[in-house]
Enquirer: 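Sending over a structure as structure tokens; questions will come in a sec.
Every chain is numbered from 1 and lettered A, B, ... according to where its sequence line falls, protein lines coming before strand lines.
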Amino acid sequence: MKRRTTRHIVQAAMTFAVPITVAALSLAFSAQAQTTAEKIARGKYIVSTSACHDCHTPWKMGPNGPAPDMTRALSGHPQDFKVPPPPKPEGPWIAAFAATNTAWAGPWGVSFTANLTPDPETGLGKWTQRNFIETIRTGRHMGRGREVLPPMPIMVYNNFTEADLEAIFSYLQSIPAIRNRVPEPLPPGEAVAKSQ
Amino acid sequence: MPPLPQRLSDTGLFVPGTTTVRAEHIAFSPQYPLWSDGTGKRRWISLPPGTSIDASRPDAWEFPVGTRLWKEFSYGNAVETRFVERLDDGSWRFATYVWNVQGTDAELAPPRGTVLAVAAAPAGRFSIPAQSDCLACHDGSPPVLGFSALQLSPDRDPLAPHADAKTATFVDLKSLAARGLIRNLPQRLLDNPPRIAAASPTARAALGYLHGNCGHCHNESGALASLDLALAQQAAAPGASAERTLKSLLGHTSRFRPHDGNPSKRLVAGSDADSVLAVRMKTANPMARMPPLGVKVTDSEAIALIERWIRTDLPTTEEK
């Protein structure tokens, strides 16, 4: 008798508990999905308003003048675009940039903007959120590699909150991956040597 | 977190009123030291009285609260001394101190680092790292580098570049255990001191150099684990870690591409010119040179070792 009662209690509990658990899990999943969607939306907003496309999306000439080529959004300096040595700066002019706005020459040498898409071999596909945040916080690749070069405004982006940087990274991981191997930067001496 | 001491003398390194290191601090010298542009180095560790290091995990020692370490950099005269301390809550903090010209004490460096005019330094300039730079290397668990089972093995590598000679001045595993300063170290590591598993003396020294100079970033558990480049060796599993290192290097495509298009492999047995590892160690291009921190002058002795390993030892290793 006692065993039967216990069994009934267990059955009753299961009858209610399973749907409640499923509902709770569904709610939790929904909340998490919403949070992820919100985070990505926030990241997209920041990326779109903080000039990321200005340099990380190659520009091309259109009917209204140069504009970002959104078919290559955030994929950095095009790997097939070989730039000649930069012009020698004169007078107060110290920097020059290529027509794509993805190659910049100045006292630091020549820098090429990075591929921010989630391509695993040429972009940020293998990066962790921590790698991304430490890059912005320290101004070094993945927080411990070579310095991030001008014109990347690290000192400005340093002011993003942790939540903003997480949102940016979430968005960047959500966009289409574009395979584009950006060249390594050239130091000033090498840039000059290549121009001679 | 309590504020950092403003002067090195306030960290407890010296006998008060002097620059003489306290006798109770323990001098040590890792067998695979970090290359720092040829600066002279001295290192000390201090454990609170009555405490010891738990070495039950041979490659992840647990240091007691209150542990302090110092590393002095010099060009004849001391220029900089770095300081690491474990606080009451178990966290670690890092600071570095710049010596005054009189050599009487050192002042806390600014958090963002600075550059000093030092005649004997490369190009007359000596860089003091930012606090974030400290964490770039000392980010592991534990964050202490150079004071480990492998680095303090009594079976020191005679081919290790820039290593101090083995003397009684420096502690090693055996003396640490005898003094009760480490506990729970597996007995087998005392009976057979840690040694890198390698097919030849050159390979042993090469892997050791990579361990001491690259392994704190390029390992399987840190922030760069996704790169799948494992250059840290383990005292507890020397064979497996050496094999893992070679697997992550040999024939592995590198993300790094020089402007001439080659090389693209991390390591090509028999050809240092085609091996990104060697190319990035020796390049004059500071944007491509490894390691990216703390090095302005390439390490010619180490480059010769690595090139010898690649040219002559790696093919032999593979044939075996």
Enquirer: Chain B contacts: which residues in residues 144-174 of chain A have a non-hydrogen atom closer than 4.5 Å to it?
Expert: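 Residues R144(A), G145(A), R146(A), L149(A), M155(A) are the ones that qualify, each having a heavy atom under 4.5 Å from chain B.
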Enquirer: For the atom pair CD (E184(A)) and CZ (R280(B)), what is the distance rounded to the nearest 0.5 Å?
Expert: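 That separation rounds to 6.0 Å.
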Enquirer: Highest number of heavy-atom pairs under 4.5 Å with chain A: which of S226(B), A288(B), C137(B)?
Expert: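 Max contact count across the listed options: S226(B).
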Enquirer: Are the side chain of N131(A) and the backbone N or O of A223(B) linked by a donor-acceptor pair below 3.5 Å?
Expert: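 Yes.
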Enquirer: Identify, with sequence neighbours excluded, every residue that meets salt bridge (Lys or Arg N to Asp or Glu O under 4.0 Å) alongside E301(B).
Expert: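 Testing E301(B) for salt bridge (Lys or Arg N to Asp or Glu O under 4.0 Å), a comparison that skips the adjacent residues, returns none.
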Enquirer: Tell me, for L135(B) versus chain A, whether the close heavy atoms (under 4.5 Å) come from the side chain, the backbone, both or neither.
Expert: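 When you check distances to chain A, only backbone atoms of L135(B) fall under 4.5 Å.
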Enquirer: Write down the atom of S132(B), the atom of T138(A), and the distance for their closest heavy-atom approach.
Expert: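 Smallest interatomic distance, heavy atoms only, reads CB-CG2, 4.1 Å.
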Enquirer: Taking salt bridge (Lys or Arg N to Asp or Glu O under 4.0 Å) as the test, write out the residues that go with R130(A), two or more places apart.
Expert: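 Salt bridge (Lys or Arg N to Asp or Glu O under 4.0 Å) check on R130(A) returns E134(A), D139(B).
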Enquirer: Counting only heavy atoms closer than 4.5 Å, note whether D228(B) contacts chain A via side chain, backbone, both or neither.
Expert: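 It is neither, since no heavy atom gets under 4.5 Å.
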Enquirer: So which heavy atom on M287(B) is nearest to which on W108(A), and how close?
Expert: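 Heavy atoms only, the tightest pair is CE-O, 2.8 Å.
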Enquirer: Please name the pair of heavy atoms, one in P292(B) and one in R140(A), separated by the smallest distance, quoted to 0.1 Å.
Expert: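 Reported closest heavy-atom pair: O-NH1, 3.8 Å.
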Enquirer: Using side-chain heavy atoms (C-beta onward) and a distance below 4.5 Å, is T253(B) in contact with E121(A)?
Expert: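 With C-beta onward as the side chain, the pair stays apart.
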Enquirer: Spell out the residues in residues 43-74 of chain A that have some non-hydrogen atom less than 4.5 Å away from a non-hydrogen atom of chain B, in order of number; otherwise answer 'none'.
Expert: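 If one takes a 4.5 Å heavy-atom cut-off, no residue of residues 43-74 of chain A lies near chain B.
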Enquirer: Measure distances from R181(A) to the heavy atoms of chain B and classify the residue's part below 4.5 Å as side chain, backbone, both or neither.
Expert: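 Contact with chain B involves the side chain of R181(A) alone.
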